[in-house]
Amino acid sequence: MPRESFDHKEIERSAQEKWEKLDLYATDLTDDSKEKYYLLFEFPYPSGDLHIGHWYAFALTDIYARKLRMAGKNVLFPMGFDAFGLPAENAAIKNGVDPKKWTYENMERMRTQMRTMGASMDWSKEVVTCDPGYYKWTQWLFAKLFEHGLAERKNAAVKWCPFDKTVLANEQVIDGHCERCGHEVEEKNLTQWFLKITQYAERLLKDLEPLPWREDIKDAQRAWIGESEGAKLVFMAHTGEEDAPVPLEVFTTRPDTVFGATYLVLAPEHPMVDVLIQDALNPEAIRAYQRETGKKTERERSENKEKTGVALEGITATNPATKEEVPVYLADYVLASYGTGAVMAVPAHDERDFEFAQRYQLPIKDVIEPVFVRTIGTDAVRPEEPMVERQAVVAIVKHWGEDKYLCLRWKSNDWTGFVIGGIEEGEEPSVTGAREITEETGYKNPRFVRDMGVPTHSQFYHEVKRQNRFAHFTPLYYELADGEREEPSAEELAIHDIEWVAKEDMDAYLSRDNDIAYIWKRFVAPAFPYTGDGILANSDSFDGRSNREAMTELIAYAGGEAVKQYRLRDWLVSRQRYWGCPIPIVYDPEGNAHLVPNDHLPWLLPEDVDFTPGAAGVGTSPLSTSRELKERVERIFGAGWTPEYDTLDTFVDSSWYYLRYVDPADAHDFSDQGLLKKWMPVDRYSGGSEHTTMHLLYARFFNKALYDLALVPTSEPFNERYNRGVILGPDGAKMSKSKGNVINPDEVVSKFGSDAVRMYLAFIGPYNETGSYPWNLDGAFAMRKFLDRVYTLFEGTATEKSNPEVLRALAVAIDKVTADTDRFKFNTALSALMVLVRDLESHAQLAPDAKRTLLALLAPFAPHLAEHLWEKMGEEGSVHQMVWPEADPALLSASEIVIGVQVNGKKRGEVRLSLTASEDEALMEARKVPAIALLLGETAPARVVYVPGRILNIVTQG
RNA sequence: GGGUAUGUGGCGGAAUUGGUAUACGCGUACGCCUCAGAAGCGUAUGGAGCAAUCCUUGGAGGUUCGAGUCCUCUCAUACCCACCA
């Protein structure tokens with residue numbers, strides 16, 4: 001059948017006009033006759049042009065919005081702009097354009113482009129964060145947080161470019177240099193505003209649990225919050241003089257190793273350094289180290305793998321467990337911003353401390369003896385059986401001539417290792433080793449060289465003895481004097497083979513991550529930290545106990561306190577930027593911060609600002625160049641009062657926009673309580689994976705804080721969260737202007753039509769997974785071909801009713817399209833539509849009922865064409881007001897089905913069976929298939945597995 | 001270095017609870033149509049083999065009547081965090 005084509009431009013124009021006239025998409029938020037559904041996508045930054053990524057974000061969510069409306073939901077599907085931000089200011093600096101003008105013009109252009117998309121967004125709820133009507137309430141909410149102690153001022157470092165004389169955002173610092181002029185960046189300490197998100201760390205973590213989010217999204221948030229359980233311990237620092245000792249508090253996750261803490265390390269910025277330095281013998285060296293590290297950014301410090309530090313000479317601190325005096329160091333591997341900014345160093349059991357101790361020759365004291373518990377395999381500990389403790393030796397034995405070592409391979413389980421033997425009552429371990437070497441391998445002249453120190457312990461199931469073993473190994477080293485050997489007993493030979501293994505082959509030879517491999521590693525590299533669990537040693541009365549089990553008692557013994565620590569820092573919201581929401585704070589002549597009273601909100605962003613780099617003072621914001629702002633403050637508050645010059649991080653604006661959508665024009669409140677109660681939480685929030693941590697966490701924090709102030713009805717803002725993938729350039733690389741692989745959607749839309757483009761994006765892969773998909777023009781063309789086929793299907797109309805085959809094909813498609821669209825699996829929904837269209841094409845002409853059903857299914861995916869065909873059929877109203885079809889279950893279940901027949905698990909044919917067929921009937925049918933009959937022969941099958949409607953598997957052997 | 005995710009044809013991908021692997025689409029080949037090309041239409045298309053048949057979901061084991069799917073190990077790629085004590 002030849003394919004008709006249609007004029008997509010004309011169809012799009014007329015459909016869009018019609019929708020506007022019918023005002024289809026403005027949601028009546030007060031309509032209670034339908035169930036509410038709040039479908040949210042991340043609002044865009046008005047960067048200028050609508051790109052293919054925007055299409056991917058908006059048009060595909062739109063598919064679901066349309067489907068939901070047809071399914072009878074009252075859908076809120078709003079749109080807005082995250083309109084404050086750095087690019088507007090950069091344009092101002094570069095081209096002298098007013099940031100406001102630049103932003104509003106961009107928004108207007110994007111609105112126009114978005115209309116061509118034909119998306120059903122509700123523009124009447126539009127929110128623009130740089131609009132005073134919006135940021136008035138950003139300021140009001142900031143004030144609420146301030147009043148409740150959730151906003152505070154603290155010192156914090158900013159990146160500063162000494163050439164441009166301007167504060168840089170983190171993303172403007174490339175490799176420690178200013179992205180604009182290439183000069184080296186410095187850090188400056190400024191007093192800045194913080195929101196105390198850390199107070200919510202525990203709840204942000206705990207409330208994640210019941211959310212129906214994908215586990216990887218939750219994991220990313222958990223990692224960002226970074227909870228560690230540990231203890232705070234106090235080491236008293238002494239100066240050697242008569243002075244009172246100074247307490248130094250440390251945070252550690254391993255208080256069980258406190259007996260091994262052989263020195264103390266403070267961050268260079270630690271506030272106590274100023275006190276301690278007065279009594280230190282080397283104040284110049286200490287100051288020099290502070291200056292040196294102060295120049296470096298945190299990133300540069302971490303890039304430098306080599307650990308550096310300086311001793312506070314003449315100062316010691318008392319280990320609260322051992323009561324011994326330990327030296328105190330400054331080192332930049334300790335971060336001032338985490339924990340207490342000070343750590344107790346346990347070089348034997350921490351890799352960083354170990355490295356530092358090696359470099360500065362500090363004592364290393366083992367306090368944990370490793371315990372290896374086998375948990376997998378046939379020798380895994382069997383909890384139901386008793387544990388038998390044994391003292392034993394492990395003997396590493398060197399060859400008399402070569403650099404090879406004596407190994408045993410156990411025949412029962414292919415286990416590889418060294419000679420091992422139980423210590424007899426009253427026997428010297430070295431004697432045990434020598435005896436076992438001779439007994440097990442026959443070598444007669446082992447010479448004991450040394451005991452390798454730290455004992456290790458193993459728990460495993462002894463398969464031969466049939467009991468759990470807790471073996472305490474003493475690792476010993478022997479060398480064979482010569483090769484003199486007698487044949488070991490037959491009993492020994494039956495258990496294992498003897499093998500000589502070269503040093504360099506040993507790692508591959510030994511099974512990984514077990515006790516034997518550890519002992520070998522210790523033998524070849526005698527000093528390295530052990531960070532795992534084990535048995536306490538060198539720890540007074542705690543010796544011999546499990547480190548985990550004794551943890552709480554050890555904390556108490558050391559006079560400490562168990563605490564939880566978070567990696568999450570308080571949220572620094574001050575930005576030394578112009579194009580952002582002004583912080584509604586003024587300072588009295590004494591420098592105390594006061595909120596700008598509500599009746600002066602919105603606290604307007606001044607317009608007489610000089611953007612020239614360096615125009616503002618050192619380390620301050622462009623707002624300080626505004627005369628109007630200063631005058632405004634003095635006029636309202638009095639002489640000597642000064643404004644806050646910083647603006648808010650744009651993440652603050654976007655932390656509450658979903659609350660404003662419900663009541664965007666409200667001049668008396670940030671939103672309407674009644675509507676919030678009805679509409680929150682957001683039912684499904686779709687966005688980019690790059691916002692998994694920061695934006696999503698900030699918004700959750702904001703919502704929780706407002707919940708505690710009884711300003712919002714739910715403690716979590718978002719129910720479902722879907723992360724989307726990215727569209728790559730045709731070359732498979734990330735789209736970027738410099739690579740020249742950016743796709744301009746306008747061109748493709750004008751060529752194939754808006755419907756074809758959105759369908760291509762829907763078809764490219766699963767939407768709710770964060771894959772990345774290369775753009776392919778052939779795909780958009782293919783979608784247009786498909787739409788032409790649909791168009792052709794509507795050419796004629798049958799007068800008789802649809803036949804059962806058509807009805808069944810429709811039912812199957814309804815079922816699949818519905819389920820897949822609900823899960824955002826638009827690709828498979830479309831595949832079901834294509835199968836349906838192919839089936840329908842085999843029938844001469846379609847009855848009106850079949851056409852209507854097909855149009856309903858098509859409407860969310862190809863809204864313009866569906867509307868056009870609807871009109872062509874002579875139907876009233878809009879196709880988008882149709883009721884979403886439901887599949888008749890009776891049509892879905894076929895009475896007969898083709899199932900595969902397997903012989904011994906391999907598919908050998910297929911049979912058509914009724915769903916209610918018995919096993920005997922199935923077997924009878926299967927025997928009619930020649931290939932199967934041949935394989936089965938005359939014998940009765942040993943076993944038959946028959947799952948009706950799925951599979952028949954005939955097993956012929958046992 | 002740590003965490004998370006993903007590995008299925010030439011390509012994007014499909015496969016409810018373990019139950020006919022490769023749906024749908026692209027690309028490719030051949031044919032039809034055409035003066036010719038484009039478009040369109042039709043057929044084929046995981047690999048090997050003339051065939052019967054055998055092999056195939058990154059690799060190696062395992063559990064099972066049956067594994068893309070579950071378990072163990074291993075390799076590769078992507079993203080995020082990276083001295084967090």
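Residue numbering restarts at 1 for every chain, and letters A, B, ... go by the order of the sequence lines. Since we're looking at a predicted model, the values are computed, not measured.
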Are OP1 or OP2 of [N] and a side-chain N or O of [X] less than 4.0 angstrom apart?
X        : N     : value
A:Arg222 : B:U4  : no
A:Lys906 : B:C55 : yes
A:Tyr338 : B:A85 : yes
A:Arg943 : B:C65 : yes

Atom-pair distance ([atom1] on [X]; [atom2] on [N]), nearest Å:
X        : N     : atom1 : atom2 : value
A:Asp219 : B:C79 : CG    : P     : 19 Å
A:Trp224 : B:G3  : CH2   : P     : 18 Å
A:Ile217 : B:C80 : CD1   : P     : 15 Å
A:Phe354 : B:G1  : CZ    : C1'   : 17 Å
A:Phe356 : B:C83 : CZ    : P     : 17 Å
A:Glu215 : B:U4  : CD    : C1'   : 11 Å
A:Arg569 : B:A82 : CZ    : C1'   : 12 Å
A:Ile727 : B:G12 : CD1   : C1'   : 11 Å

(request) Determine, for A:Tyr333 and A:Lys307, whether the Lys NZ or Arg CZ falls below 6.0 Å from the six-membered ring centre while staying within 45 degrees of the axis. (result) yes

(message) Whether A:Lys825 engages the ring of A:Tyr767 as a cation-pi pair (distance to the six-membered ring centre under 6.0 angstrom, angle to the ring normal within 45°) should be assessed.
(response) no

(request) Runs of at least three consecutive Watson-Crick or G-U pairs, both distances under 3.5 Å, are what I'm after; which ones involve RNA chain B? (result) B:1-7 with B:75-81, B:10-12 with B:24-26, B:27-32 with B:40-45, B:46-48 with B:53-55, B:58-62 with B:70-74

(request) May I ask you to check whether A:Phe528 and A:Tyr530 place their ring centers less than 6.0 Å from one another? (result) no

(message) Quick check: A:Tyr329 with A:Tyr360 (ring centres under 6.0 Å apart)?
(response) yes

(message) If I take atom CD from residue A:Gln902 and atom CG from residue A:Leu952, how far apart are they, to the nearest 0.5 angstrom?
(response) 8.5 Å

Determine the Euclidean distance between corresponding [atom1] atoms of [M] and [N]; express it in Å to zero decimal places.
N     : M     : atom1 : value
B:G40 : B:U57 : P     : 36 Å
B:G19 : B:A85 : P     : 43 Å
B:U28 : B:A39 : P     : 10 Å
B:A44 : B:G10 : C1'   : 16 Å
B:G66 : B:A21 : C1'   : 14 Å
B:G27 : B:C33 : P     : 23 Å
B:U8  : B:G68 : C1'   : 7 Å
B:C26 : B:U77 : C1'   : 24 Å

Are [X] and [Y] linked by a side-chain donor-acceptor pair shorter than 3.5 Å?
X        : Y        : answer
A:Arg569 : A:Thr198 : no
A:Arg359 : A:Thr308 : no
A:Thr531 : A:Asp350 : no

(request) Applying side chain to side chain contact (heavy atoms under 4.5 Å, CB included), run through A:Arg721 and A:Arg214 and close with a yes or a no. (result) CA-CA 8 Å; A:Arg721 165 74 190 190; A:Arg214 272 198 338 243; over 6 Å; no

Just to be sure I understand the rule, does [X] reach a base, reach only the sugar-phosphate, or reach nothing, if contact means heavy atoms closer than 4.0 Å?
X        : result
A:Ser689 : nothing
A:Pro774 : nothing
A:Tyr773 : sugar-phosphate
A:Arg908 : sugar-phosphate
A:Lys825 : sugar-phosphate

(request) Using heavy atoms to find the nearest nucleotide of RNA chain B for A:Tyr566 and A:Asp216 separately, return the residue whose nucleotide is more 5′. (result) A:Asp216

(request) Keeping the roles fixed (side chain from A:Lys218, backbone from A:Glu209), state whether a donor-acceptor pair exists under 3.5 Å. (result) yes

(request) Could you check whether the rings of A:His8 and A:Phe6 sit parallel, tilted or perpendicular, using 30° and 60° as the cut-offs? (result) perpendicular

(message) Are A:Leu264 and A:Leu248 packed together at the side-chain level, in the sense that at least one heavy-atom pair is separated by less than 4.5 angstrom?
(response) yes

(request) If the glycosidic angle is within 90 degrees of 0 it's syn, otherwise anti, so just tell me which one B:G9 is. (result) syn

Set out, line by line, the N/O atom pairs under 3.5 Å between protein and nucleotides 20-28 of chain B.
from	atom 1	to	atom 2	distance (Å)
B:U20	O2	A:Lys907	NZ	3.2
B:U20	O2	A:Glu910	OE1	2.8
B:U20	O4	A:Val898	O	2.6
B:C24	OP1	A:Arg838	NH1	2.6

Protein and nucleotides 30-33 of chain B: nitrogen or oxygen contacts under 3.5 angstrom:
none

(request) Would you please test A:Tyr56 and A:Ile764 for side chain to side chain contact (heavy atoms under 4.5 Å, CB included) and show each step? (result) CA-CA 10 Å; A:Tyr56 198 50; A:Ile764 203 164; 4.1 Å; yes

(request) List the steps, then state whether side chain to side chain contact (heavy atoms under 4.5 Å, CB included) holds for A:His349 with A:Asp366. (result) CA-CA 7 Å; A:His349 305 293; A:Asp366 282 297; 4.0 Å; yes

